[in-house]
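Written below as structure tokens is the structure these notes are about.
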Amino acid sequence: MDGPDPARDLPAGPAADLWEPVLRWYDGHARDLPWREPGASAWSVMVSEYMLQQTPVARVLPVHAAWLERWPRPADLAAEPTGEAVRAWGRLGYPRRALRLHAAAVAVTERHGGEVPASYDDLLALPGVGDYTAAAIATFAYGRRHVVLDTNVRRVHARVLAGQAVPAASVTRAERDRAAALLPPDAPTAATWSVAVMELGALVCTARSPDCDACPVAGTCAWRAAGHPAYDGPVRRAQAWDGTDRQCRGRLLAVLRDADAPVHLSRLDAAWPDPLQRARCLEGLLTDGLAVRTSDTTVALP
DNA sequence: AAGACGTGGAC
DNA sequence: TGTCCAAGTCT
């Protein structure tokens, strides 16, 4: 391993006991992902962050590659109809993200000269960018120092620091303060720290089957020390799926996505049996801008 | 501030 | 087989 040890110059103290082993672990175990390559553009990072919202890395990989190949810069996407973004989004899920990414590309082109902004506030103003994504793009594309709180980081912190199997339903003030206090003082190390903790949560401290034997901070983990107590909070209702509007919308949109011309309404009849729900969901897709009417009897991607 | 919003793989 | 889960955002 050549190059400087990123943990070497950090101040000593309680935090350093965490930083050092996690940074060292990341150095040897980080996945090679396209948006992490040294030459990766901020646009590549931005596209990956949209696609990775609620979607596993393995399914994002091929779509991300095709996307960057076709639209190497934000302005390239901005010049296309939104329907092209929806079609290229494929089956990643939550297709409104494709619409938002397109709208963000337009905003970047018009307001930022075609360059993905580096500031958290400018990023947060983009459609589809919330606190996590703004912090992630500023951090991973530009090396800025921000608290990056995604589901992986929250789970690792809940376990290692609080001894809880699962973090709270939504980000708490205490959680954010704790993460801020832990953030290394210099920006480059803070950026590496954030991606390292995320990676640890994704590969080792997973939701279903944590591999404590492979964990660099198992020795200081409060959850492990307590004997891995199970989650004891309020019951969380699993998302229903069968027969829901979301399933219906997915079916309808799949028909439009797979067609290369406007689709007759009768084709949608075949995609979902309940006429009332079908009509409601189509109306929703039209309202959301995921579909457009092309005639009295046909619809298409926008 | 819960609930809506897609999809498919893993156990 | 059914449940759980995946780098959240928006309203």
Side-chain angles (χ1 to χ4, degrees), chain A residues 26 30-31 33-36 40 44-64 86 89-101 103-104 123-141 146-157 165-172 179 191 194-203 205-211 230-231 234-257 271-272 277 280-281 284-285 287-290:
Chain A
Y26 181 73
R31 290 169 292 182
L33 300 173
W35 46 88
R36 281 187 192 157
S44 174
V45 173
M46 177 169 160
V47 170
S48 80
E49 291 302 338
Y50 274 74
M51 292 183 173
L52 287 164
Q53 292 170 0
Q54 300 286 283
T55 306
V57 168
R59 289 181 31 220
V60 164
L61 251 13
V63 184
H64 177 271
V86 174
W89 196 257
R91 306 187 65 78
L92 281 184
Y94 293 142
R96 288 193 286 201
R97 291 183 292 165
L99 249 27
R100 291 173 182 150
L101 180 52
L123 289 164
L124 191 60
L126 297 174
V129 174
D131 169 69
Y132 161 74
T133 303
I137 296 172
T139 298
F140 304 143
H146 288 281
V147 171
V148 179
L149 274 186
D150 80 320
T151 189
N152 290 302
V153 174
R154 297 189 62 220
R155 186 176 54 250
V156 171
H157 285 183
V166 177
S170 56
V171 178
T172 65
S194 291
V195 73
V197 177
M198 282 179 68
E199 193 77 336
L200 186 63
L203 298 182
C205 193
T206 62
R208 198 95 61 121
S209 54
D211 184 6
Y231 170 72
V235 290
R236 295 175 174 184
R237 283 202 59 75
Q239 285 187 339
W241 175 246
D242 281 328
T244 61
D245 283 6
R246 283 158 67 212
Q247 186 184 31
C248 179
R249 287 165 57 104
R251 292 268 178 83
L252 299 182
L253 194 60
V255 173
L256 303 187
R257 210 169 40 220
W272 194 261
Q277 187 177 21
R280 179 174 74 240
C281 288
L285 292 174
T287 299
D288 291 345
L290 284 165

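Model, not experiment: these values are computed from the prediction. Convention: sequence-line order gives letters A, B, ...; per-chain numbering from 1.
- Every side-chain contact (heavy atoms from CB on, under 4.5 Å) that A:C281 has, sequence neighbours left out, goes to A:D245, A:C248, A:R249, A:L252, A:Q277.
- What separates CE of A:M51 from P of C:dT9 is a distance of 16 Å, to the nearest Å.
- Atom P of nucleotide C:dT9 and atom CG of A:D150 are separated by 10 Å, given to the nearest angstrom.
- In this structure, CG of A:L99 is placed 17 Å from P of C:dT9, rounded to the nearest angstrom.
- Using atom C1' as the reference point in both C:dT11 and B:dA1, the two lie 10 Å apart (nearest Å).
- As judged by a 4.0 angstrom heavy-atom cut-off over every strand, A:R236 is placed among residues making no nucleic acid contact.
- In this entry the distance linking CZ of A:R155 with P of C:dC4 reads 16 Å, nearest Å.
- B:dG8 sits 15 Å from C:dT1 when the C1' atoms are compared, rounded to a whole Å.
- Residue contacts for A:R31: at a heavy-atom cut-off of 4.0 Å it reaches a base atom on one of the strands shown.
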### Query
Would A:N152 and A:L200 satisfy side-chain contact (heavy atoms from CB on, under 4.5 Å), going step by step from the backbone distance to the final call?
CA-CA 8 Å; A:N152 290 302; A:L200 186 63; over 6 Å; no
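- Counting any heavy atom pair closer than 4.0 Å across all strands shown, A:W89 reaches no nucleic acid atom.
- In this structure A:T244 satisfies the side-chain contact (heavy atoms from CB on, under 4.5 Å) test together with A:A240, A:W241, A:R246, A:Q247, sequence neighbours excluded.
- Taking CZ from A:R96 and CG from A:L285, the interatomic distance works out to 9.5 Å, rounded to the nearest 0.5 Å.
- The distance from atom CE of A:M51 to atom CE of A:M46, rounded to the nearest 0.5 Å, is 11.0 Å.
- Residue A:A207 is classed as a sugar-phosphate contact, given heavy-atom separations below 4.0 Å to backbone atoms only.
- Residue A:V129 is classed as a sugar-phosphate contact, given heavy-atom separations below 4.0 Å to backbone atoms only.
- When each of A:L126 and A:V57 is assigned the nucleotide of DNA chain C with its nearest heavy atom, A:V57 is the one assigned upstream, toward the 5' end.
- Atom NE2 of A:H64 sits about 8.0 Å away from atom CG of A:L52, to the nearest 0.5 Å.
- Between A:V147 and A:A179 the shortest heavy-atom distance is CG1-CB, 3.7 Å.
- Note on A:L33: a base of the nucleic acid sits closer than 4.0 angstrom, heavy atoms only.
- Rounded to whole angstrom, the span from the CG atom of A:L52 across to the P atom of C:dA6 amounts to 13 Å.
- Put simply, CG on A:L200 is 14 Å from C1' on C:dA7, counting in whole angstrom units.
- Taking the P atoms as reference points, B:dG3 lies 23 Å from C:dA7, given to the whole Å.
- Atom CG of A:L101 and atom C1' of C:dA7 are 15 Å apart (whole Å).
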### Query
What string of B, S and - do you get for nucleotides 4-11 of chain B, 5' to 3', if B is base contact, S is sugar-phosphate-only contact and - is no contact with any protein heavy atom under 4.0 Å?
-BBBSBBS
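- One interatomic measurement links the two molecules: CG of A:L149 to P of C:dT9, which rounds to 11 Å at whole-angstrom precision.
- In this structure, CZ on A:R154 lies 7.0 Å from OG on A:S170, to the nearest 0.5 angstrom.
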